[in-house]
Amino acid sequence: MKIFGLSAKERIKKKKEFELLYTKGKTIYSASQKLKAIYYINSIGQVGVKVAFVVSRKSGKAVWRNRLKRLLRESFRLNKAILKSMCEEKKINLLLIISSNTLNQKNNKKIKLWDIMPEVLDLMNQIKLRI
RNA sequence: GAAUCAUGUUGGGCAGUUGCUCUCUGAUUUUUAUGAAAUCAGGGGGAGGAAAGUCCGAACACCACAGAACAGGGUGCCGGGUAACGCCCGGGGGCCUGAAGACGUAAGUCUCAGGUUACGGAAAGUGCCACAGAAAAAAUACCGCCCUGUUAUAACAGGGUAAGGGUGAAAAGGCGAGGUAAGAGCUCACCGCUCCGAUAGUAAUAUCGGAGGUCUCGUGAUGAACGAGAUCCUGCAAAAUUGCAGGACAAGGCAAACCCCACCCGGUGCAAGGUCAAGCAGAAGGCCUCCCUUUUAACAGGGAAAGGGUUGUUCGCCCUAAGUGCCUUCGGGUAGACCGCUGGACCACGAUAGUAAUAUCGUGGCUAGAUAAAUAACUGCCACCCGCUCUAUGGCGGGUACAGAAUUCGGCUUAUAGACAUGAUUCAUCA
RNA sequence: GCGGGCGUAACUCAGUUGGUAGAGUAGUAGCUUCCCAAGCUAAAUGUCGCGGGUUCGAGUCCCGUCGCCCGCU
């Protein structure tokens with residue numbers, strides 16, 4: 001398994017998993033309110049982290065939404081070791097959605113990786129403390 | 001050389017690191033084993049001119065369907081192109097702009113160049129045209145003009161009149177002459193309009209020509225107008241001199257009001273549709289052992305065997321038996337998976353036909369296929385633009401558009417930084 | 001992907017054979033009251049989402065465009 005990789009097994013793809021998260025998951029927000037995260041600790045599945053990135057249709061046009069999702073994924077991919085080691089220690093299955101909250105195309109037309117990375121790290125550290 | 005406009009092409013490049021997706025090759029592991037899955041390594045492919053809006057047209061799929069008509073919807077100068085179109089090309093008419101040329105004192109007209117155009121029918125019928133105005137459509141007399149009558153020559157009454165005034169977006173062809181009581185296509189010339197004929201053209205359309213004369217009678221205050229008749233003219237029919245028809249100023253605008261005419265259209269859309277198929281529910285069938293004790297039998301007790309689980313094997317241990325039981329088969333089919341899914345009205349170049357759109361032929365090429373949805377992130381260098389600074393072939397900072405495939409094509413519309421090419425116009429400089 | 005609807009005053013909505021755009025609430029000014037509320041009176045408020053076209057004249061008819069909402073799975 002690659003250290004910085006993010007293969008299809010590590011992403012949420014099934015509709016049932018999304019429904020589980022949206023009905024039973026807990027929501028937390030980043031410090032600047034720009035991003036939010038929904039997480040759920042599943043006792044049944046395999047040990048590890050499964051993640052998805054969601055950007056609302058109202059926040060911008062397709063090009064902008066794609067770029068934000070790619071930047072979110074990049075930020076998670078480079079830092080996923082933080083959560084992965086925790087989950088392997090405690091032997092739990094963590095489902096996670098990282099989503100945009102107040103961030104939209106009108107606020108930041110040009111977004112860069114260094115705008116997104118600290119927000120994602122903040123969210124991941126919050127989850128780490130709560131596990 | 002610069003600016004503007006139009007049309008067309010293009011839509012930053014190179015290298016490194018870390019990733020995603022499809023595909024090919026190889027290795028390892030697992031397994032229900034010539035197969036499949038997972039992981040790793042290597043090679044190759046990986047957004048657009050609009051992928052967008054979803055406004056049209058098709059392919060393809062399913063449903064419906066003998067055929068025709070109605071309803072409903074769409075299109076609308078003419079010809080061509082196309083699989084088809086509301087698209088494209090060419091031509092015609094209208095409108096606008098320009099000024100090169102011709103005519104003219106000028107206004108302007110003609111020619112030319114460019115742009116633009118939802119451009120069938122108002123003489124099938126219905127409807128609408130606010131306010132103003134006398135009157136808004138087979139009409140009408142407010143002011144004015146003219147005639148007649150009454151009387152106290154200034155008014156009233158009756159009538160004629162659409163030339164002038166006034167109203168309005170629009171007032172019943174324009175202009176001049178004749179004519180008249182005053183006027184009027186009332187008549188005439190020219191222009192315009194409509195119809196007919198000829199010529200050119202496939203056609204829209206363009207050009208040219210033509211669209212009666214004389215006389216009599218009646219109604220009418222004159223004039224006009226209307227009606228009737230005779231003769232000549234043109235065409236047709238009969239047939240040997242007869243019959244019929246024609247000879248016009250008629251017709252304001254609106255059909256993106258209803259409508260009429262011509263042509264076209266069955267409906268739904270890849271979330272179409274198809275294949276496999278857990279689980280749950282349903283139907284059919286089968287299995288649930290043997291021995292001993294006791295008993296009518298069942299139950300119960302003991303033993304043996306069977307099936308499953310436990311750590312790779314054996315032993316051992318645990319669970320199982322007439323009910324929420326187990327097994328097999330069947331049809332429909334949910335979750336899910338797979339197919340549809342990318343080689344096609346394809347792309348590039350060349351030749352031929354055509355004014356062109358386009359078509360045909362030849363050669364070469366294969367160019368995304370995801371599905372909570374890949375095609376990316378970061379760094380460095382270069383290219384272009386802007387700002388600041390200065391040691392001026394430099395340094396620093398910032399910027400490089402619009403925008404992301406989702407069954408696939410043909411168009412249209414809209415968004416768009418910059419670069420390049422061609423053409424037109426204007427300006428400047430030089431010869 | 002496909003289909004349907006709506007944009008009018010600060011807010012909620014009317015607006016039909018196309019003819020100067022209204023109602024309620026809110027706000028403003030005045031009257032009333034010792035003061036406030038309620039009540040009465042008056043005036044003001046609109047690029048009818050935007051851009052074209054048809055028409056003498058478009059909120060209304062036609063075309064394009066922008067924004068918002070809803071349904072189908």
Calculate, to the nearest 0.5 Å, the distance between atoms NZ and CG belonging to A:Lys50 and A:Asn93 respectively.
7.5 Å
Rounding to a whole Å, what distance do you find between A:Leu78:CG and B:rU17:P?
16 Å
Any side-chain heavy atom of A:Ile98 sitting closer than 4.5 Å to one from A:Ile38?
no
Electrostatic pair A:Arg77:A:Glu74 at N-O distance under 4.0 angstrom
yes
Pair up each side-chain donor or acceptor in residues 19-29 of chain A with any protein partner under 3.5 Å, not counting sequence neighbours, and list the distances.
| from | atom 1 | to | atom 2 | distance (Å) |
| --- | --- | --- | --- | --- |
| A:Thr23 | OG1 | A:Glu19 | O | 2.7 |
| A:Thr23 | OG1 | A:Leu20 | O | 3.2 |

Who is the Watson-Crick or G-U wobble partner of B:rG179, with both distances under 3.5 Å?
none
Counting only Watson-Crick pairs (N1-N3 plus N6-O4 or O6-N4) and G-U wobbles (N1-O2, O6-N3), all under 3.5 Å, who is the partner of B:rU429?
none
Output one letter per nucleotide in nucleotides 26-31 of chain B: B when a protein non-hydrogen atom lies under 4.0 Å from the base, S when only the sugar-phosphate is that close, - when neither is.
------
Integer angstrom distance from the C1' of C:rU65 to that of B:rA52:
14 Å
Taking only the C1' atom of each, what is the distance from B:rA170 to B:rC254 in whole angstrom?
12 Å
May I ask which nucleotide in the shown strands pairs with B:rA374, Watson-Crick or G-U wobble, both distances under 3.5 Å?
none
Determine the Euclidean distance between corresponding P atoms of B:rG223 and B:rU161; express it in Å to zero decimal places.
15 Å
Using side-chain heavy atoms (C-beta onward) and a distance below 4.5 Å, is A:Ser32 in contact with A:Glu119?
yes
Quick check: do A:Val120 and A:Asn79 have side-chain heavy atoms less than 4.5 Å from each other?
no
The Watson-Crick or G-U wobble partner of B:rG11, with both key distances under 3.5 Å, is none
Donor-acceptor contact present, side-chain A:Ser99 to main-chain A:Ala37, <3.5 Å:
no
Do A:Lys80 and A:Val49 have side chains that approach each other closer than 4.5 Å (heavy atoms only, starting at C-beta)?
no
Does any nucleotide pair with B:rG90 by Watson-Crick or G-U wobble geometry, both distances under 3.5 Å, and what is it?
B:rC78
Does the A:Arg65 side chain pair with the main chain of A:Gly60, one donor and one acceptor, at a distance under 3.5 Å?
yes
Where does B:rA47 fall, syn or anti, if syn means a chi angle no more than 90° from 0?
syn
B:rG185: syn or anti, with syn meaning chi within 90° of zero?
syn
Taking any strand in view, what nucleotide pairs with B:rA255 in a Watson-Crick or G-U wobble way, both distances under 3.5 Å?
none
Assign C:rG49 to syn or anti; the rule is syn for a glycosidic angle within 90° of 0 and anti otherwise.
anti
I need the residues from residues 59-66 of chain A with at least one non-hydrogen atom less than 4.0 Å from RNA chain B; give them sorted by number, or say none.
A:Lys61, A:Ala62, A:Val63, A:Asn66
Determine the Euclidean distance between corresponding C1' atoms of B:rG332 and B:rC65; express it in Å to zero decimal places.
29 Å
Name of the residue among A:Asn104, A:Ile116, A:Val63 meeting side-chain contact (heavy atoms from CB on, under 4.5 Å) with A:Leu68:
A:Ile116
Syn/anti state of B:rU97 by chi, 90° boundary around 0
anti
Which parts of nucleotides 375-381 of chain B does protein reach within less than 4.0 Å, heavy atoms only, written one letter per nucleotide 5' to 3' as B for base, S for sugar-phosphate only and - for none?
SSSS---
Looking at side-chain heavy atoms only, is the closest gap between A:Leu94 and A:Met86 below 4.5 Å?
no
If you measure from the P atom in B:rA345 to the same atom in B:rG72, how many Å do you get, rounded?
38 Å
Tell which nucleotide pairs with B:rA306, taking only Watson-Crick or G-U wobble pairs whose two distances are both under 3.5 angstrom.
B:rU320
Please measure how far the P atom in B:rA256 lies from the corresponding atom in B:rC145, and state the result in whole Å.
49 Å
Of all the base pairs, Watson-Crick or G-U under 3.5 Å, which form stems of three or more consecutive pairs involving RNA chain C?
C:1-7 with C:66-72, C:10-13 with C:22-25, C:28-31 with C:39-42, C:49-53 with C:61-65
Using Watson-Crick or G-U wobble geometry with both distances below 3.5 Å, tell me the partner of B:rC315, or none.
none
Could you tell me how far B:rA374 sits from B:rU29 if I compare only their P atoms? Round to whole Å.
36 Å
Tell me if B:rU342 is syn or anti. Syn = glycosidic torsion within 90° of 0, anti otherwise.
syn
Compute whether any side-chain donor of one residue and acceptor of the other, for A:Gln33 and A:Thr102, lie under 3.5 angstrom apart.
no
Does any non-hydrogen side-chain atom of A:Arg130 lie less than 4.5 Å from one of A:Ile127?
no
Write out a two-atom table: protein N or O, nucleotide N or O from nucleotides 369-372 of chain B, distance below 3.5 Å.
| from | atom 1 | to | atom 2 | distance (Å) |
| --- | --- | --- | --- | --- |
| B:rU371 | OP1 | A:Lys13 | NZ | 3.3 |
| B:rA372 | O2' | A:Ile12 | O | 2.9 |

Within the distance-only criterion (no hydrogens, no angle test), does the side chain of A:Arg73 pair as donor or acceptor with the backbone N or O of A:Phe53 below 3.5 angstrom?
no
How about A:Ile12 and A:Leu96: do any of their side-chain heavy atoms sit closer than 4.5 Å?
no
Check: A:Ala31 main-chain N/O paired with A:Asp122 side-chain donor or acceptor under 3.5 Å:
yes
Provide, to the nearest angstrom, the distance between the NZ atom belonging to A:Lys69 and the P atom belonging to B:rC20.
17 Å
Could you check how far NZ of A:Lys9 sits from P of B:rC20, rounded to whole Å?
14 Å
Check whether any side-chain heavy atom of A:Arg70 lies under 4.5 Å from a side-chain heavy atom of A:Asn66, and answer yes or no.
yes
